[in-house]
Amino acid sequence: MSISLGAHAAAEESVLYGLLKHATKIGGVFDLGYREATVLTNDRWLERAHGLPQHCLVLAYPSGLDDPAKAAQDVLPEDRSVILLRVVREASLPNQADLVHLRAEHTDRAITNYYRDSDPPAPTTDILTKSMMQQAAFRCRILGTFVEDENGNLVFGKDVDAVYAAAGYVVAKPYGASLQTIVDHVELPMGERVDDQHGDDAPNADLPDTDATMTIGSLRYSSARRREQVGAREGRPTEVDVKVRPKDFVAHKTAVFGMTRAGKSNTMKVLASAVHLYSHKTGTRVGQLIFDPAGEYAYANRQDHTALAQLGDDVRIYRLGATDQDRAKRIRPLSLNFFDPSQIDGCWSLISTFLGTSQVQYVKSFLNSDPSRSPADADGEGDKRRLEAVRAMYYSALIKAGLRPAGDWRYRLPVNQHTRALLDSVDGIDTGPQGTTYLSLNARQLRSACERIARQSNAITRATAAARNRNFSPTDIEAVRLWIADESIGGSGDPGIDGAVDMVSPTGAAGGWKLLRAMKHYHAAEATSDFAPAIYGDLARGRLVIVDLSRGGDQVLQTCAERVVSEILARASERFREGKPPRPMQIFLEEAHRLLHRDKFNQASQSSDPYVRLAKEAAKYKIGMIYATQEVSSVDEMILSNTANWVCAYMNNASEAQKLSKYYDFVDFAEQILTADNRGFVRLRTDSSPYTLPVQIAKFDLDMVNDIRRACGQAPTQPSYDFAPEQGDEDNFDDCPDPDEVYDAKFPPPAPTLFDAVGA
């Protein structure tokens with residue numbers, strides 16, 4: 001039904017009247033521009049409104065618009081609008097110098113009277129003068145204009161379409177239902193609007209929307225909240241709920257900025273909950289991936305006994321170094337079986353990522369050996385045995401590095417009669433009868449055999465390179481020909497085999513197999529599948545996956561995360577090329593300054609970096625990123641410019657606040673970001689929000705979890721006691737001997753002399 005303000009009844013039903021129904025008048029506009037307005041008020045009005053904090057939202061409207069009886073006659077149709085203002089700072093009045101003078105005189109008299117003997121002191125200021133001194137002015141940012149469309153809906157435009165020199169706008173501070181309407185108002189973002197040009201669609205434009213919003217926190221104007229609390233008790237609350245449209249976060253980039261302990265992790269949990277709710281409400285499978293370097297997502301919080309895993313039955317946890325107890329809780333090991341041929345692709349990818357930055361020649365040669373090539377796919381018997389020889393050295397290097405295969409594991413080592421003769425002297429190896437072409441060896445035997453082969457292969461290769469005749473016979477070379485690259489002396493011709501040999505039997509100061517010790521973190525003999533495709537499979541089905549890396553170091557975290565991200569991108573790219581619909585996913589990145597810094601984007605050599613690819617290609621694959629970091633400047637500007645949602649908490653660096661001020665209207669909040677260090681107090685701007693709001697993010701606790709479970713049709717859950725292992729209280733200093741004891745042992749103090757004894 002079309003609604004106009006032409007009748008009293010219609011005016012009462014107007015959404016504009018509803019917007020002004022719960023608002024306290026605080027003054028009027030005396031200076032109006034296209035971007036800012038100056039409001040005149042006084043102490044009495046501000047007291048009645050329970051204060052006017054910085055960043056407070058206020059409404060400016062034509063006189064009479066808030067009175068249904070007068071609106072029809074006194075307000076022209078084209079003036080029936082409400083301007084939304086945000087208080088930015090105090091302003092000077094035209095007579096500001098006189099006011100300051102009066103206040104100074106009043107203060108001087110008050111102090112003088114205080115020290116007089118007369119009791120009570122004489123009045124210091126007359127009523128009119130005091131009323132003048134109470135005048136104040138505030139400069140406000142114009143956020144836009146609310147109007148009513150022909151269907152009676154509230155519509156917001158992000159500017160004003162007329163500026164009057166003497167408009168007579170009344171200004172009021174909204175509270176309760178009126179303020180809730182302002183905070184709840186959203187506009188479809190660019191790329192989702194009906195009249196947008198086809199081809200400019202947002203990444204999530206074709207995904208379903210839902211009326212179900214999620215309360216992410218409450219409106220909070222300032223760090224000090226006394227007057228807000230008093231106003232709430234008197235029926236004029238301003239701490240209204242702030243709700244988000246969950247679709248805003250799907251397939252988009254979301255930034256979470258703030259110092260450590262400013263509440264970023266809690267915010268990430270709330271955002272994951274919002275997407276989880278969206279997925280269930282719309283029936284859209286949206287996989288979410290959280291890399292958890294500290295265990296704060298995988299384990300329950302000790303204060304409120306709540307874990308992210310309690311959101312529903314479709315949460316999966318992968319844990320580095322998972323124990324039998326973890327597996328009993330259905331927690332999956334974040335590991336690979338490095339001795340399972342079916343997992344060799346994933347294992348080799350992990351090693352390549354780990355060693356990929358090395359400039360050492362034998363390491364490069366080792367990476368060129370590529371043991372993941374399957375002997376079963378070889379063109380002939382010769383190629384097959386050559387690839388089997390490469391794998392033998394690969395497995396041997398892993399065994400020397402401390403990785404242990406299952407107890408019944410064995411490997412078929414390709415040999416000839418000369419190789420068997422070479423290994424006859426190796427203890428514990430049965431070289432078999434004449435004509436044997438393979439030796440079935442366990443882990444210990446394979447290591448011993450390959451060490452013997454590697455030593456002879458290295459000796460021959462070095463002697464050939466130095467043009468020295470070491471009296472190697474043809475049979476000596478024939479015994480190890482599969483492990484020599486140089487075809488001129490009868491080698492196999494595989495350019496990477498020398499690197500594999502050097503890993504088993506390093507020369508000089510080379511680390512060799514020691515470089516592979518870090519792979520022990522990723523190995524489990526009982527692992528039945530590659531974790532990267534398994535994680536992708538969970539994400540494709542819309543599950544929330546938490547990758548618990550709290551038991552590994554930074555290098556482990558980086559290598560594992562890159563492996564998973566690379567798998568996701570590879571599968572998404574494959575589906576894109578095949579014309580298959582993309583699978584929406586969300587990837588949460590902590591410490592994003594390490595992954596998304598501008599140096600990576602400026603170096604052509606880093607074009608294969610999975611995070612650079614993720615940032616550049618994520619949109620077309622419907623992969624969203626929620627990245628958290630302390631510094632705005634550490635993130636490449638290309639990412640910042642394409643970030644749809646912003647959550648900005650406390651930062652103590654003025655240059656970072658200045659950097660943030662370049663985006664949206666965060667310039668208004670720069671000072672507050674530098675001073676208000678309350679945990680969870682953020683400035684929030686979402687894709688569909690027409691203005692930034694100061695918000696106290698809600699605590700992710702059991703009540704929130706159960707609210708979401710009920711919304712998703714699941715029964716409430718109970719408190720969780722699955723806490724992260726506590727660190728021991730006692731420190732025996734085993735890892736660091738006492739320097740005093742070491743010094744005293746090396747330089748014992750001299751024995752006391754007789755004179756010292758007498759003096760004592």
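We number each residue from 1, following the sequence as shown.
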*Just how far is it from atom CG of Leu693 to atom CZ of Arg220, taken to the nearest 0.5 Å?*
15.0 Å

*Going by the side-chain hydrogen bond (donor to acceptor under 3.5 Å, both in side chains) test, name the single residue among Asp248, Asn645, Thr686 that passes it with Thr254.*
Asn645

_Contacts of type side chain to side chain contact (heavy atoms under 4.5 Å, CB included), residue Gln714, not counting sequence neighbours_ = His280, Arg709, Cys712

_Pairwise side-chain contact, Tyr299 with Asp548, heavy-atom cut-off 4.5 Å (strictly under)_ = yes

*With the side chain counted from C-beta on, respond yes when Leu684 and Ser689 share a heavy-atom pair under 4.5 Å apart, and no when they do not.*
no

*asked:* Applying side chain to side chain contact (heavy atoms under 4.5 Å, CB included), can you list everything that pairs with Ala644, at least two apart in sequence or on another chain?
replied: His252, Asp687

*Please answer whether the main-chain N or O of Glu631 pairs with a side-chain N or O of Lys659 as donor and acceptor at a distance below 3.5 Å.*
no

*How far apart are the closest heavy atoms of Arg86 and Asp668, and which atoms are they?*
NH1-OD2, 3.0 Å

*Could you grab the distance from atom CG of Leu154 to atom CD1 of Ile182, nearest 0.5 Å is fine?*
9.0 Å

*asked:* I'd like to check the salt bridge (charged side-chain N to carboxylate O under 4.0 Å, His left out) partners of Glu90; sequence neighbours left out, ordered by chain and number.
replied: none

_Is it the case that the side chain of Lys269 and the backbone of Leu308 share a donor-acceptor pair, with hydrogens and angles ignored and the cut-off at 3.5 Å?_
no

*If we ignore angles and hydrogens, is there a donor and acceptor under 3.5 Å between the side chains of Ser720 and Asp722?*
no

_Check whether Arg245 reaches the backbone of Leu188 with its side chain - one donor and one acceptor, N or O, closer than 3.5 Å._
no

_Lys253 side chain vs Ala615 backbone, donor-acceptor pair below 3.5 Å_ = yes

*Looking at Phe681, does the NZ or CZ of Arg683 lie under 6.0 angstrom from its six-membered ring centre and within 45 degrees of the ring axis?*
yes

*Is a side-chain N or O of Asp292 found less than 3.5 angstrom from the main chain of Glu296, in a donor-acceptor match?*
yes

*Kindly say whether Glu239 contributes a backbone atom to a donor-acceptor pair with the side chain of Tyr221 at under 3.5 angstrom?*
no

*asked:* Within the 4.5 Å heavy-atom criterion, are Pro716 and Arg710 side-chain neighbours or not?
replied: yes

*Could you grab the distance from atom CE of Met214 to atom CG of Leu277, nearest 0.5 Å is fine?*
7.0 Å

_So, taking the atom named CG in Leu85 and the one named CG in Leu59, what distance separates them when rounded to the nearest 0.5 Å?_
7.5 Å

_Side-chain donor or acceptor of Lys173 paired with backbone N/O of Gly51 under 3.5 Å_ = yes

*Take atom CZ in Arg139; do more than 12 heavy atoms of anything else shown fall under 6.0 Å from it?*
yes

*Taking the side chain as every heavy atom from C-beta outward, state whether Lys662 and Leu640 have any atom pair closer than 4.5 Å.*
no

*Classify the angle between the aromatic ring planes of Phe146 and His185 as parallel (below 30°), tilted (30 to 60°) or perpendicular (above 60°).*
perpendicular

*How far does CG of Leu46 sit from CG of Leu52, to the nearest 0.5 angstrom?*
6.0 Å

_Counting neighbours of CZ on Arg285 that are heavy atoms of other residues, nucleotides or ligands and sit closer than 6.0 Å, is the number greater than 12?_
no

_Would you say that more than 12 heavy atoms from the other residues, nucleotides or ligands in this model lie under 6.0 Å from the CD of Glu617, or not?_
yes

*Does one side chain, of Glu234 or Tyr175, offer a donor that lies under 3.5 Å from an acceptor on the other?*
no

*Arg543 side chain to Ala540 main-chain N or O, any donor-acceptor pair under 3.5 Å?*
no

*Flag side-chain contact, heavy atom, 4.5 Å: Gln288 against Phe588*: yes

_In the structure I gave you, are the side-chain heavy atoms of His22 and Gln180 within less than 4.5 Å of one another anywhere?_
no

*When you look at CZ of Arg302, are more than 12 heavy atoms from neighbouring residues, nucleotides or ligands closer to it than 6.0 Å?*
yes

*asked:* Please verify the inter-ring angle class for Tyr691 with Phe156; under 30° counts as parallel, over 60° as perpendicular, anything in between as tilted.
replied: perpendicular

_Nearest atoms (heavy-atom pairs only) where Pro208 meets Thr282_ = CG-CB, 3.7 Å

*Please determine if Arg583 forms a cation-pi arrangement with Tyr536, meaning its NZ or CZ atom is less than 6.0 Å from the six-membered ring centre and no more than 45° off the ring axis.*
no

*For the student: nearest non-hydrogen atoms of Ala172 and Pro174, plus distance*: O-CD, 3.4 Å

*asked:* Does Gln54 have more than 12 heavy atoms from other residues, nucleotides or ligands lying within 6.0 Å of its CD?
replied: yes

_Is it the case that the side chain of Ser279 and the backbone of Val275 share a donor-acceptor pair, with hydrogens and angles ignored and the cut-off at 3.5 Å?_
no

_A quick test of your reading: do over 12 heavy atoms of other residues, nucleotides or ligands sit less than 6.0 Å from CZ of Arg261?_
no

*Closest non-hydrogen atom pair, Lys281 against Ala711*: NZ-O, 3.2 Å

*What heavy-atom pair brings Cys560 and Leu334 nearest, and what distance separates the two atoms?*
SG-CD2, 3.3 Å

*Determine the minimum heavy-atom distance between Phe700 and Val705, stating which atoms define it.*
CZ-CG2, 3.5 Å

*First locate atom CG of Asp161, then atom OH of Tyr34, and finally report the distance between them rounded to the nearest 0.5 Å.*
9.0 Å

*Do side-chain atoms of Ser550 reach the backbone of Ala294 as a donor and acceptor pair under 3.5 angstrom?*
no

